K.L.:
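The structure follows.
Hydrogens, waters and symmetry mates are skipped; everything else that's a heavy atom, side chains included, is used. What you see is a predicted model, and the numbers here were worked out from it, not measured in a lab.
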Amino acid sequence: MERVAFVGARFGAALSGSARCRDSLAAAASAVHYGVALQQQRSSRKLLSCVGKPTAVRMAASDAWVPPHHTMNIVDAVMKANETDGFATLADADVKTLQGIGAKGEAGLHALGLTTVRKLAAWKYGRWAQAIVTMAELERAGARPEGCSLNLDLAVDKAHEHKSLQELIALPPSALQGLTSKADEELKKVNLTTIAKLGQWKFLKIAQAIVELAEVEQTQSSENRKSKAKK
């Protein structure tokens, strides 16, 4: 009887030990699970804090390089607020950046889709007008040779195809194929009433110069260039 009681006690103790072991294992598993979950939560917070940062903060390292000892400036071409901008920045700036355009002129140009300096510089009607004005200076009245094939039939309205270059530059901009009388109204806001005025317009020339020079402007310090060259 005592032996049976002893065996029973040993068996009970074993069962009790097994229960404690299971409890310990469960607690350990729970701790591991909690630790993984906590780590995941921290990682998520870190990712969100990075993603949520404003672009201006993330892009701070790409601020424009300011070259030392340079003296060039175009303060008579752009607004006061843009005097420190480089050509590359100015090329993609609003046309109102050009000094003298004004609010009325800006509205007229925007109505024609000419919202930036780059778009103004590339405007085909402006470039056509410039080319016509340039060639008109080299035209001699009544001197067209027999058999001459010169024409601008793809650039001017049919009603004006037979006219000389000197006659064309005296016409309103809408004489160019694709421009309407509505365009004439918008261009009047910047005093562009003829093809000649459009072709000689200083703001068109300034815009083209800015865009052209932006292609040869250095925007990185020598240290940054060397660093990139090593990669």
K.L.:
Side chains of Gln208 and Gln130: donor-acceptor distance under 3.5 Å anywhere?
P.N.:
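Yes, side-chain donor-acceptor contact under 3.5 Å.
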K.L.:
Hey, what do you get for NZ (Lys104) to CG (Asn191), rounding to the nearest 0.5 Å?
P.N.:
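It comes to 9.5 Å.
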K.L.:
Side chains of His162 and Asn151: do they bring a donor and an acceptor to under 3.5 Å?
P.N.:
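Note: His162 and Asn151 side chains miss the donor-acceptor criterion.
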K.L.:
Looking at Gly113 and Lys119, what are the two nearest heavy atoms and their distance?
P.N.:
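Looks like O-CD, 3.6 Å.
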K.L.:
Can you give me the closest heavy-atom contact between Pro173 and Leu179, atom names plus distance?
P.N.:
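Shortest heavy-atom contact: O-CD1, 3.4 Å.
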K.L.:
If you apply the rule side-chain contact (heavy atoms from CB on, under 4.5 Å), what do you find for Ile195 with Leu176, and how did you get there?
P.N.:
CA-CA 8 Å; Ile195 291 175; Leu176 299 172; 3.9 Å; yes
K.L.:
Tell me if the CD atom of Glu212 is crowded by more than 12 foreign heavy atoms within 6.0 Å.
P.N.:
no
K.L.:
Restricting to non-hydrogen atoms, name the atom on Glu106 and the atom on Val95 that form the minimum distance, rounded to 0.1 Å.
P.N.:
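So the minimum-distance heavy-atom pair works out to CG-CG2, 4.5 Å.
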K.L.:
Side-chain contact test, heavy atoms from C-beta onward, threshold under 4.5 Å: evaluate it for Leu90 versus Val78 and give yes or no.
P.N.:
yes
K.L.:
If only atom types and distance count, is the side chain of His70 paired as donor or acceptor with the main-chain N or O of Pro68 below 3.5 Å?
P.N.:
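Confirmed, His70 side chain pairs with Pro68 backbone.
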K.L.:
Under 3.5 Å, is there a donor-acceptor pair between the side chain of Glu167 and the main chain of Ser164?
P.N.:
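Pair found, side chain donor or acceptor close to backbone of Ser164.
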K.L.:
Evaluate the side-chain contact (heavy atoms from CB on, under 4.5 Å) criterion for residues Gln220 and Gln218: first the C-alpha distance (whole Å), next the side-chain angles of each, then the deciding distance (0.1 Å), finally the verdict.
P.N.:
CA-CA 6 Å; Gln220 296 180 335; Gln218 181 57 261; 3.8 Å; yes
K.L.:
Please evaluate residues Arg118 and Ile210 with respect to the criterion side-chain contact (heavy atoms from CB on, under 4.5 Å), reporting the C-alpha separation (whole Å), side-chain torsions for both, the decisive distance (0.1 Å), and the verdict.
P.N.:
CA-CA 8 Å; Arg118 189 180 299 280; Ile210 288 172; over 6 Å; no
K.L.:
Are side-chain heavy atoms of Val156 and Leu168 found at a separation under 4.5 Å?
P.N.:
yes
K.L.:
Rounded to the nearest 0.5 Å, what separates atom CE in Met79 from atom CD in Glu83?
P.N.:
9.5 Å
K.L.:
Membership question, hydrophobic clusters at under 4.5 Å side-chain separation (ILVMFWY): are Phe87 and Phe203 in the same one?
P.N.:
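In one cluster with Phe203: Phe87, yes.
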K.L.:
Do Leu98 and Ile74 sit in one hydrophobic cluster, given that two such residues count as connected whenever their side-chain heavy atoms are within less than 4.5 Å of each other, even indirectly?
P.N.:
yes
K.L.:
Could you point out which residue of Glu161, Gln166, His160 forms a side-chain contact (heavy atoms from CB on, under 4.5 Å) with Lys163?
P.N.:
His160
K.L.:
Where is the tightest heavy-atom contact between Ala88 and Thr219, given as atom of each residue plus distance?
P.N.:
CB-CG2, 4.4 Å
K.L.:
Could you state the interatomic distance from NZ (Lys189) to CD1 (Ile101), rounded to the nearest 0.5 Å?
P.N.:
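Rounded to the nearest 0.5 Å, the NZ-CD1 separation comes out at 13.0 Å.
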K.L.:
Can you name the nearest heavy-atom pair linking Ala170 to Thr194, along with the distance?
P.N.:
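Taking Ala170 first and Thr194 second, the nearest heavy atoms are O-CG2, 3.8 Å.
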K.L.:
Under 4.5 Å between side-chain heavy atoms, hopping through other hydrophobics if needed: is there a path connecting Leu154 to Met135?
P.N.:
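They do not share one cluster, since no chain of ILVMFWY contacts under 4.5 Å joins Leu154 to Met135.
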K.L.:
Would you call Glu185 and Lys188 a salt bridge, taking side-chain N to carboxylate O under 4.0 Å as the test?
P.N.:
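No.
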K.L.:
Within the 3.5 Å criterion, strictly below it, is a donor on Ser174 or Asp184 matched to an acceptor on the partner's side chain?
P.N.:
yes
K.L.:
Any link between Leu152 and Trp123 through a network of hydrophobic side chains (Ile, Leu, Val, Met, Phe, Trp, Tyr) touching at under 4.5 Å?
P.N.:
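Leu152 clusters together with Trp123.
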K.L.:
Can you measure from NZ (Lys197) to CG (Leu204) and round to the nearest 0.5 angstrom?
P.N.:
15.5 Å
K.L.:
Just wondering, do Leu109 and Lys96 contact through their side chains at under 4.5 Å, heavy atoms?
P.N.:
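With C-beta onward as the side chain, the pair stays apart.
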K.L.:
Report yes or no: do Leu150 and Leu165 belong to one cluster of Ile/Leu/Val/Met/Phe/Trp/Tyr joined by side chain heavy-atom distances under 4.5 Å?
P.N.:
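Unlinked, Leu150 and Leu165 end up in two clusters.
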K.L.:
How long is the gap from CD1 on Ile132 to OG1 on Thr134, to the nearest 0.5 Å?
P.N.:
10.0 Å
K.L.:
Going from OG1 on Thr89 to CG on Asn82, what distance comes out if it is rounded to the nearest 0.5 angstrom?
P.N.:
9.5 Å
K.L.:
With heavy-atom distances below 4.5 Å as the criterion, would you say the side chains of Tyr125 and Leu112 are in contact?
P.N.:
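Counting from C-beta outward, Tyr125 and Leu112 never come under 4.5 Å.
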K.L.:
Would you mind reporting whether Val211 and Leu120 have side-chain heavy atoms less than 4.5 Å apart?
P.N.:
no
